[in-house]
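Below is one structure, written out as structure tokens; comments come after it.
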Amino acid sequence: MNFIVLDLEWNQCPDGKEKENKKLPFEIIEIGAVKLDSNYSKVSQFSEFIKPSVYKEIHFKTKEVININMEDLYSGRTFLQVCESFFDWCGQDYIFATWGNMDLTELQRNMRYYNLNHEFEFPLKYYDIQKVFSLYFEGLKIKRTLEYSVEYLNIDIDRKFHKAIFDAEYAGKVLSQIDYKFLEKNYSVDYYNPPKVRQDEIYLKYSGYSKFISMEYSSKEEAMQNREVVSTRCNYCNKNMKRKIKWFSNNAKIYYALCHCEVHGLAKCKIRMKRSETGNYFAIKTINSISEQEAQQLREKRDELRSKRKIKRRIQSR
């Protein structure tokens, strides 16, 4: 199996968010990728510009960041042509690796916009090098920049960042310094196409925490009425935990609960509501083992929210 270390550059509406194409807020203008074998050795690379067709003028912020020759960009091939060539280059037996979690989402969104059919596996597993880097080298869940990681690992900086193929090469060099067994245990799942039916809902278990991705619902309220969505089972023994704090939310997108397993201790439960391309909602639930100090922080968050709501009700009742 090969690793396809993918990096994309994209453009957005130069006239502001209010005038953007809602079906394509970010238009891909460059695909860069390196193919590594199972020993992290470079096999080949892919690099090509894509001629803009939705946002033909480059946003000023994009110009400030990306390292692209504009003449080369506007003389490039179409997205369909480049993307088809890209998948031919990928071959059959591979897994994506990206810096962060946005590239695969934007790739699939652009594919949908241009009606390009390509059958991905479900669930679409990949390696988020950004996430794994901080876990492996620092033992933290922090989103480090690619530049930070390259400097941290003393990788030679011989090319500019923010050009797709160069960033893919740098990300590949970071990936090559991560033990494969650790990498394999910390894979990610792309959420662009959430489960459509209950039988396809996704259950993931990692060291110290678990993750659940639900099917789609017509509303957040409907999702929160589902027993599986709000269930709180222990990561280790899979038994239902006692809820010390019931589910609460401070913004209607993220819900929290504090639970306790008699054998394995305290756990923080979190549900994040996301909207799919169909306009429906699906839930991403994580359950993490936590300390008493972290549990107290959750209690304080709940109490602060209660106080704010009381003040709001008093003001409204005057």
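Across all their heavy atoms, Asp179 and Tyr136 have their closest contact at CB-OH, 3.5 Å. Across all their heavy atoms, Lys270 and Ile254 have their closest contact at CE-CG2, 3.7 Å. Contact detail for Arg198 and Tyr217: the closest heavy-atom pair is NH2-OH, 3.6 Å. The heavy-atom pair separating Gly32 from Ala168 by the smallest distance is O-CB, 3.8 Å. Listed here is the closest heavy atom pair of Lys22 and Lys17: NZ-O, 3.2 Å. A pairwise comparison of heavy atoms in Tyr114 and Ser53 identifies OH-OG, 2.7 Å as the closest pair.
With values rounded to the nearest 0.5 angstrom, Arg144 atom CZ is found 13.0 Å from Phe137 atom CZ. Here OG1 of Thr145 is found 7.5 Å from CD of Glu151. Values are rounded to the nearest 0.5 Å. Of the inter-residue distances, the one linking Glu184 atom CD with Lys181 atom NZ reads 9.5 Å to the nearest 0.5 angstrom. Note that CG of Leu140 is 14.5 Å distant from NZ of Lys143, once rounded to the nearest 0.5 Å.
Proximity of Leu124 to Val189: side-chain heavy atoms (C-beta onward) are nowhere separated by under 4.5 Å. Taking 4.5 Å as the limit, some side-chain heavy atom of Ile95 sits within range of a side-chain heavy atom of Phe3. Residues Leu73 and Lys51 have side chains not in contact (no heavy-atom distance under 4.5 Å, counting atoms from C-beta outward). Here the side chains of Tyr255 and Val229 are not in contact, with every heavy-atom distance at 4.5 Å or above. The shortest side-chain heavy-atom distance between Glu106 and Trp10 falls under the 4.5 Å cut-off. Two residues are said to be in side-chain contact when any heavy atoms from C-beta on lie closer than 4.5 Å; Leu107 and Leu8 meet this criterion. In this structure, Phe282 and Arg275 have side chains that are not in contact, with every pair of non-hydrogen atoms separated by 4.5 Å or more. You'll find the side chain of Val174 reaches within 4.5 Å of the side chain of Ile155, heavy atoms only.
Residues Ile202 and Ile284 are members of one and the same hydrophobic cluster, defined by side-chain heavy-atom contacts under 4.5 angstrom among Ile, Leu, Val, Met, Phe, Trp and Tyr. Grouping the Ile, Leu, Val, Met, Phe, Trp and Tyr side chains by contacts below 4.5 angstrom, directly or via other members, places Leu116 with Phe120. Cluster membership check: Phe96 does not share its hydrophobic cluster with Leu36, using side-chain heavy-atom separations under 4.5 Å among Ile, Leu, Val, Met, Phe, Trp and Tyr. Transitive grouping of hydrophobic side chains (ILVMFWY, heavy atoms separated by less than 4.5 Å) brings Leu183 and Val150 into a common cluster. When hydrophobic clusters are built by joining Ile, Leu, Val, Met, Phe, Trp and Tyr residues whose side-chain heavy atoms come closer than 4.5 Å, directly or via intermediates, Ile157 is grouped together with Tyr152.
Without hydrogens or angle criteria, Asn226 side chain to Glu222 main chain gives no donor-acceptor distance under 3.5 Å. Of the possible polar contacts, none joining the Tyr127 side chain to the Leu175 backbone as a donor-acceptor pair under 3.5 Å is found. Side-chain N or O atoms of Ser75 include one that pairs as donor or acceptor with a backbone N or O of Glu71 at under 3.5 Å. Listed for the Trp247 side chain is a donor-acceptor partner under 3.5 Å among the backbone atoms of Val230. At distances below 3.5 Å, not a single donor-acceptor pair connects side-chain atoms of Lys239 with backbone N or O atoms of Glu262. Looking only at distances, a side-chain donor or acceptor of Ser134 sits under 3.5 Å from a matching main-chain atom of Ile142. Between the side chain of Ser214 and the main chain of Ala283, a donor-acceptor pair closer than 3.5 Å is present. Asn110 contributes a side-chain N or O that, together with a main-chain N or O of Ile28, makes up a donor-acceptor pair within less than 3.5 Å. Remark: side-chain polar atoms of Asn11 are not paired, donor with acceptor, to backbone N or O of Ile29 under 3.5 angstrom. The backbone N or O of Ser41 sits less than 3.5 Å from a side-chain atom of Asp37, completing a donor-acceptor pair.
We find that Glu292 and Arg299 are joined by a salt bridge, their nearest charged nitrogen and carboxylate oxygen being less than 4.0 Å apart.
Cys269 pairs in a side-chain contact (heavy atoms from CB on, under 4.5 Å) with only one of the listed residues (Ile287, Ile290, Leu258), which is Ile287. Of the residues Lys160, Arg159, Lys163, the one that meets the salt bridge (Lys or Arg N to Asp or Glu O under 4.0 Å) test with Glu169 is Arg159.
Residues Glu20 and His59 bring no donor and acceptor atom of their side chains to less than 3.5 Å of each other. Glu228 and Tyr203 form a side-chain donor-acceptor contact under 3.5 Å, judged by distance and modelled atom types alone. Side-chain contact, Asn21 with Tyr113: a donor N or O sits under 3.5 Å from an acceptor N or O. A donor and an acceptor atom, one from each side chain of Thr278 and Glu216, are located under 3.5 Å apart. A side-chain N or O of Asp190 and one of Gln108 form a donor-acceptor pair less than 3.5 Å apart. Counting only N and O atoms by type, the side chains of Ser85 and Arg77 include a donor and acceptor under 3.5 Å apart. No side-chain N or O of Ser38 forms a donor-acceptor pair with one of Tyr180 less than 3.5 Å apart.
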- Can you check side chain to side chain donor-acceptor pair (under 3.5 Å) on Glu304 and Ser307, steps first, answer last? CA-CA 5 Å; Glu304 181 182 358; Ser307 296; over 6 Å; no
- Just do the ring-ring contact (aromatic ring centres under 6.0 Å, His included) check on Tyr170 and Phe161 with the steps written out, would you? CA-CA 9 Å; Tyr170 283 130; Phe161 289 95; 4.6 Å; yes
- Task: Could you give me the CA-CA distance, side-chain angles and deciding distance for Glu277 and Tyr192, then say whether side-chain contact (heavy atoms from CB on, under 4.5 Å) is met?
- Result: CA-CA 8 Å; Glu277 291 294 303; Tyr192 181 77; 3.3 Å; yes
- Chi angles and distances behind the side-chain contact (heavy atoms from CB on, under 4.5 Å) call for Ile50, Thr78: CA-CA 6 Å; Ile50 296 170; Thr78 67; 5.9 Å; no
- Passes side-chain contact (heavy atoms from CB on, under 4.5 Å), Asn186 versus Leu135? Steps please. CA-CA 9 Å; Asn186 289 280; Leu135 286 173; 3.9 Å; yes
- Would Phe87 and Met111 count as a side-chain contact (heavy atoms from CB on, under 4.5 Å) if you check the C-alpha gap in whole Å, the side-chain angles of each, and the deciding distance to 0.1 Å? CA-CA 12 Å; Phe87 284 120; Met111 290 171 61; 3.8 Å; yes
- Item | From CA spacing to verdict: side chain to side chain donor-acceptor pair (under 3.5 Å), Asn235, Ser210 | CA-CA 6 Å; Asn235 293 327; Ser210 63; 2.5 Å; yes
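For Lys246, the NZ atom is loosely surrounded, since the number of other residues' heavy atoms within 6.0 Å does not exceed 12. With a 6.0 Å radius and a threshold of 12 heavy atoms from other residues, nucleotides or ligands, Asp158 has its CG atom above the threshold.
A cation-pi contact links Lys301 to Tyr256, judged by a cut-off of 6.0 Å to the six-membered ring centre and 45° from its axis. Figure legend: Lys125 and Tyr187 shown as a cation-pi pair, the cationic atom lying under 6.0 angstrom from the six-membered ring centre and within 45 degrees of its axis. Both the sub-6.0 Å distance and the 45° axial angle are satisfied by Lys285 relative to the ring of Phe212.
Between Tyr206 and Tyr209, the two ring planes are parallel [angle under 30°; tilted spans 30° to 60°]. The aromatic rings of Phe46 and Trp89 are tilted relative to each other, their planes meeting at an angle between 30° and 60°.
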